[in-house]
Amino acid sequence: MPELPEVETTRRGLCPLLVGRLVTGVTVREPRLRWPVPDDLGTVLTGQALRGIGRRAKYLLFQMDAGTLIAHLGMSGSLCVVDAGTPPGPHDHVDIAIEGGTLLRLRDPRRFGSLHWTADDPAGHPLLRELGPEPLGDAFDGRYLFRRSRGRRVAVKAFLMDSHIVVGVGNIYAAEALFAAGIHPARAAGRVGRERYERLAQAVRSVLAAAIQAGGTTLRDFKGGDGRPGYFQQTLSVYGRAGKPCPRCGTAIELTRQGQRATCHCPACQR
DNA sequence: CAACGGACCTGCCTGC
DNA sequence: TGCAGGCAGGTCCGTT
């Protein structure tokens with residue numbers, strides 16, 4: 001489910017409901033996520049106030065008095081705020097009880113998500129330390145992509161999805177950005193020119209910004225932190241549209257496979 | 001160092 | 001209708 005726009009939508013939805021409040025307890029029903037939920041999470045969090053919610057890549061950063069709770073939603077995770085006493089569903093693995101009678105509830109059917117605690121600067125956490133720049137930040141542009149791609153023979157789509165290069169560009173938005181820039185997804189990253197990387201960087205920014213604006217993509221059942229669904233799926237040009245006409249030229253969108261990942265592109269518009 | 005495949009899980013959809 | 005098989009939005013890790 002979550003790509004960067006979904007995570008950002010979740011962050012924005014949760015902020016007004018949680019920031020400034022005290023954690024009064026933690027219930028872990030299923031600690032076996034991608035990494036085990038820390039044993040002492042309840043002990044650590046209880047009694048601390050939430051000072052703010054940040055984001056780095058697809059990690060949500062819950063800034064507490066004494067450190068940061070780092071959350072990743074994996075492929076199927078979601079966070080929502082419910083009234084205390086709401087019975088947990090089958091995959092509601094963790095509840096963080098909030099002062100005032102609500103719960104921050106983590107649901108994650110596939111359990112690819114994770115929770116981590118750090119008392120230090122989260123930027124130095126092993127999971128965050130090696131990450132590339134934020135796609136909507138100043139450090140990300142065409143010049144940067146051009147420089148990092150020299151000599152790389154990996155497909156440009158895989159290059160764009162490599163979190164060491166740039167974070168937050170998942171399968172959907174990589175496909176959409178490459179379409180917008182007119183670049184074939186299988187082209188070697190090192191064989192894309194400076195001009196085209198300018199267009200690609202711009203496309204990444206605008207596709208992500210538009211998705212955030214729209215409240216995130218809904219593939220199945222994405223809900224923002226406030227429980228409202230995202231509506232971006234209606235504007236996808238190539239992703240999930242195999243066999244349908246390209247919105248620009250009408251040619252049938254092609255479905256191919258790169259490694260394990262399905263990829264859609266227009267064989268006429270993308271070179 | 002770069003590239004690739006495997007691994008982690010469950011739910012949902014398709015087709016037999 | 002039931003069931004097997006394939007597929008899904010992420011990303012870390014080990015091997016070549």
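In what follows, chains are A, B, ... by sequence order, proteins preceding strands, each numbered from 1.
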Could you tell me whether A:Arg29 and A:Asp95 have a side-chain N and a carboxylate O separated by less than 4.0 Å? yes
Nearest to the A:Pro109 side chain among B:dG11, C:dG9, B:dC9, which nucleotide is it? B:dG11
Is it the case that the side chains of A:Ser114 and A:His116 hold a donor-acceptor pair, with the cut-off being a distance below 3.5 Å and no angle test? yes
Report the stems of DNA chain B as range-with-range entries sorted by first number; a stem here is at least three consecutive pairs, Watson-Crick or G-U wobble, both distances under 3.5 Å, and write none if there are none. B:2-8 with C:10-16, B:10-16 with C:2-8
Nearest-nucleotide comparison on DNA chain C, the residue closer to the 5′ end among A:Leu131 and A:Arg110: A:Arg110
So which nucleotide from C:dA8, C:dC12, C:dT11 ends up closest to the side chain of A:Arg257? C:dA8
Classify the nucleic acid contact of A:Ala158 as base, sugar-phosphate or nothing, counting any heavy atom under 4.0 Å across all strands shown. nothing
Distance in angstrom units between A:Tyr173 OH and C:dG10 P, rounded: 10 Å
Distance, rounded to the nearest Å, where A:Ile212 contributes CD1 and C:dG9 contributes C1': 16 Å
Kindly give the atom pairs (protein nitrogen or oxygen, nucleotide nitrogen or oxygen) under 3.5 Å for nucleotides 1-3 of chain B.
{"unit_1": "B:dA3", "atom_1": "OP1", "unit_2": "A:Arg153", "atom_2": "N", "d": "2.7"}
{"unit_1": "B:dA3", "atom_1": "OP1", "unit_2": "A:Val154", "atom_2": "N", "d": "3.0"}
{"unit_1": "B:dA3", "atom_1": "OP2", "unit_2": "A:Arg152", "atom_2": "NE", "d": "2.6"}
{"unit_1": "B:dA3", "atom_1": "OP2", "unit_2": "A:Arg152", "atom_2": "NH2", "d": "2.8"}

Heavy atoms under 4.0 Å, any strand shown: does A:Phe159 hit a base, just sugar-phosphate, or nothing? nothing
Qualifying residue for side-chain contact (heavy atoms from CB on, under 4.5 Å) with A:Val238, from A:Pro185, A:Cys264, A:Cys246: A:Cys264
Distance (rounded to the nearest 0.5 Å) between A:Asp83 CG and A:Arg105 CZ: 10.0 Å
To the nearest Å, give me how far apart CZ (A:Arg32) and P (B:dC9) are. 7 Å
Could you tell me how far apart A:Met75 (CE) and B:dT10 (P) are, to the nearest whole angstrom? 14 Å
Round to the nearest Å and state the distance from A:His164 atom NE2 to C:dC12 atom C1'. 9 Å
To the nearest Å, how far apart are A:Leu127 CG and C:dC12 P? 6 Å
Would you verify whether the NZ or CZ of A:Arg110 falls within 45 degrees of the ring axis of A:Phe112 while also being under 6.0 Å from that six-membered ring's centre? yes
Any side-chain N or O of A:His72 below 4.0 angstrom from OP1/OP2 of C:dT11? yes
Starting at atom CH2 of A:Trp35, determine the distance to atom P of B:dC8, rounded to an integer number of angstrom. 14 Å
Check: A:Arg21 and A:Leu104 side chains under 4.5 Å, non-hydrogen atoms: no
Taking atom C1' of B:dT10 as reference, at what distance in whole Å does atom CG of A:Asp92 sit? 14 Å
Counting only side-chain nitrogens and oxygens, does A:Arg34 get under 4.0 Å of the OP1 or OP2 atom of B:dA7? no
Whole-angstrom distance between B:dC1 and C:dT11, as gauged at atom P: 23 Å
Is the shortest side-chain N/O distance from A:Arg111 to OP1 or OP2 of B:dT10 below 4.0 Å? yes
Of the listed nucleotides (B:dT10, C:dC12, C:dG10), which one gets closest to any side-chain atom of A:His91? B:dT10
Spacing of A:Asp141 atom CG and A:Gln202 atom CD [to the nearest 0.5 Å]: 10.0 Å
Hey, is A:Phe112 stacking on B:dC8? Ring centres under 5.5 Å, planes under 30°. yes
Salt bridge flag under 4.0 Å for residues A:Glu195 and A:Arg199: no
Pick out which of A:Leu69, A:Leu106, A:Leu50, A:Thr27 makes a side-chain contact (heavy atoms from CB on, under 4.5 Å) with A:Ile96. A:Leu69
When you measure from the centre of the six-membered ring of A:Phe179, is the NZ or CZ of A:Arg248 closer than 6.0 Å and no more than 45° off the axis? yes
